[in-house]
Amino acid sequence: MAAEIRRAEPADVETLGALHSGCWRELYPTVLPAAVLDELSPAMMSGLWAKFVARGGAYEQYVAEVDGAVVAFAGIGPGREPGYEEAVELYFLYVHPEYRRKGIARQLLKTVQAHYTWLWAGNRPAQQFYKKAKFYPDSVAREGSLFGAPLEEERFSG
């Protein structure tokens with residue numbers, strides 16, 4: 001399935017907030033406490049998206065549309081760790097459940113041209129996707145945090 005990929009715009013923030021919140025509720029119920037998931041409401045996530053879209057510069061967000069509906073998104077920017085400042089880090093890439101396994105995530109990944117990303121160590125489907133896209137674990141792990149909840153992560157480089 002082909003999607004139209006374009007830069008995210010201010011008009012997308014409510015849609016992106018709802019999609020982002022929904023993806024996290026679906027994917028992270030065993031990782032994030034229920035109270036944290038409740039805080040990550042569509043309205044709260046829309047507020048974050050308003051900041052993401054306005055940031056500009058080296059920070060870029062993309063959406064994938066199918067028949068005019070936003071079904072996926074990705075965000076990139078400068079590497080956030082020492083020695084990787086010149087690299088492009090993929091901060092996030094999520095696809096609505098009904099549109100997964102249709103090639104849309106691959107389209108987004110190809111568009112953003114990221115060098116690496118961090119994945120939750122327990123997210124096997126994401127790890128399989130990135131391996132197919134020629135991103136591999138590079139033996140670097142960290143104990144991260146997602147909205148205050150501890151999260152073991154692995155770096156995948158492509």
Side-chain angles (χ1 to χ4, degrees), residues 1-81 84-120 122-123 125-127 129-130 133 135 142 144-151 153 155-156 158:
M1 171 179 288
E4 179 184 331
I5 308 295
R6 63 172 175 78
R7 294 285 295 267
E9 303 170 351
D12 297 318
V13 299
E14 286 188 30
T15 299
L16 288 165
L19 180 57
H20 205 157
S21 177
C23 286
W24 280 19
R25 287 182 176 286
E26 179 218 352
L27 294 169
Y28 301 120
T30 60
V31 177
L32 297 174
V36 171
L37 287 172
D38 288 342
E39 288 180 31
L40 302 177
S41 67
M44 191 278 245
M45 296 303 288
S46 293
L48 285 178
W49 270 97
K51 293 176 185 176
F52 293 162
V53 172
R55 191 161 189 185
Y59 299 89
E60 300 175 5
Q61 298 80 38
Y62 292 86
V63 298
E65 288 183 323
V66 174
D67 297 327
V70 174
V71 300
F73 58 88
I76 60 170
R80 295 178 281 187
E81 57 204 89
Y84 281 80
E85 298 88 354
E86 299 298 317
V88 176
E89 180 177 348
L90 176 64
Y91 298 147
F92 48 77
L93 191 159
Y94 290 98
V95 179
H96 187 285
E98 293 178 22
Y99 292 90
R100 292 185 191 140
R101 300 184 183 273
K102 298 184 185 300
I104 294 170
R106 280 192 305 273
Q107 282 183 264
L108 276 168
L109 191 59
K110 184 177 180 180
T111 298
V112 299
Q113 298 289 303
H115 298 117
Y116 74 99
T117 192
W118 288 94
L119 298 176
W120 166 44
N123 192 342
Q127 292 172 9
F129 164 76
Y130 284 100
F135 277 66
R142 69 181 181 189
S145 174
L146 187 59
F147 290 94
L151 189 70
E153 298 175 301
R155 188 173 63 202
F156 277 60

First locate atom [atom1] of [X], then atom [atom2] of [Y], and finally report the distance between them rounded to the nearest 0.5 Å.
X: Arg80; Y: Tyr91; atom1: CZ; atom2: OH; result: 5.0 Å
X: Glu89; Y: Tyr84; atom1: CD; atom2: OH; result: 10.5 Å
X: Leu32; Y: Trp120; atom1: CG; atom2: CH2; result: 9.0 Å
X: Tyr94; Y: Trp24; atom1: OH; atom2: CH2; result: 5.5 Å
X: Met45; Y: Leu16; atom1: CE; atom2: CG; result: 9.5 Å
X: Arg106; Y: Leu93; atom1: CZ; atom2: CG; result: 12.0 Å

**Asked** So Glu81 and Trp118, side-chain contact (heavy atoms from CB on, under 4.5 Å) or not? Walk me through it.
**Response** CA-CA 11 Å; Glu81 57 204 89; Trp118 288 94; 3.0 Å; yes

If I compare all heavy atoms of [X] with all of [Y], which pair ends up nearest, and what's the gap?
X: Glu9; Y: Val53; answer: C-CG1, 3.6 Å
X: Ala18; Y: Pro42; answer: CA-CB, 3.8 Å
X: Ser46; Y: Val13; answer: OG-O, 3.3 Å
X: Leu19; Y: Ala72; answer: CD2-N, 3.8 Å
X: Val66; Y: Ala2; answer: CG2-O, 4.4 Å
X: Leu27; Y: Pro29; answer: C-CD, 3.2 Å

**Prompt:** Partners of Arg25 by salt bridge (charged side-chain N to carboxylate O under 4.0 Å, His left out), sequence neighbours excluded?
**Reply:**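 For Arg25 the salt bridge (charged side-chain N to carboxylate O under 4.0 Å, His left out) partners, ignoring immediate neighbours, are Asp38.
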
**Prompt:** Can you say whether the rings of Phe73 and Trp49 are parallel (under 30°), tilted (30 to 60°) or perpendicular (over 60°)?
**Reply:**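 Ring orientation of Phe73 relative to Trp49: perpendicular.
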
**Asked** Once the angle between the rings of Phe92 and His20 is folded into 0 to 90°, is it parallel (under 30°), tilted (30 to 60°) or perpendicular (over 60°)?
**Response** tilted

**Message:** Can you tell me if Arg7 has over 12 outside heavy atoms packed within less than 6.0 Å of its CZ?
**Reply:** yes

**Message:** Counting neighbours of CD on Glu85 that are heavy atoms of other residues, nucleotides or ligands and sit closer than 6.0 Å, is the number greater than 12?
**Reply:**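 Yes, CD of Glu85 has more than 12 neighbouring heavy atoms, counting only those of other groups under 6.0 Å.
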
Side chains of [X] and [Y]: does their closest heavy-atom pair fall under 4.5 Å?
X: Pro78; Y: Tyr59; answer: yes
X: Val31; Y: Leu151; answer: yes
X: Pro125; Y: Asn123; answer: yes
X: Leu90; Y: Tyr130; answer: yes

Would a distance-only check, ignoring hydrogens and angles, find a side-chain to backbone donor-acceptor pair under 3.5 Å from [X] to [Y]?
X: Glu14; Y: Ala11; answer: no
X: Gln107; Y: Ile5; answer: no
X: Glu26; Y: Pro97; answer: no

**Item:** Within residues 55-73 or reaching into it, pairs that qualify as salt bridge (charged side-chain N to carboxylate O under 4.0 Å, His left out) - sequence neighbours excluded
**Value:** Arg6-Glu65

**Asked** Phe156: what forms a ring-ring contact (aromatic ring centres under 6.0 Å, His included) with it, not counting sequence neighbours?
**Response** none

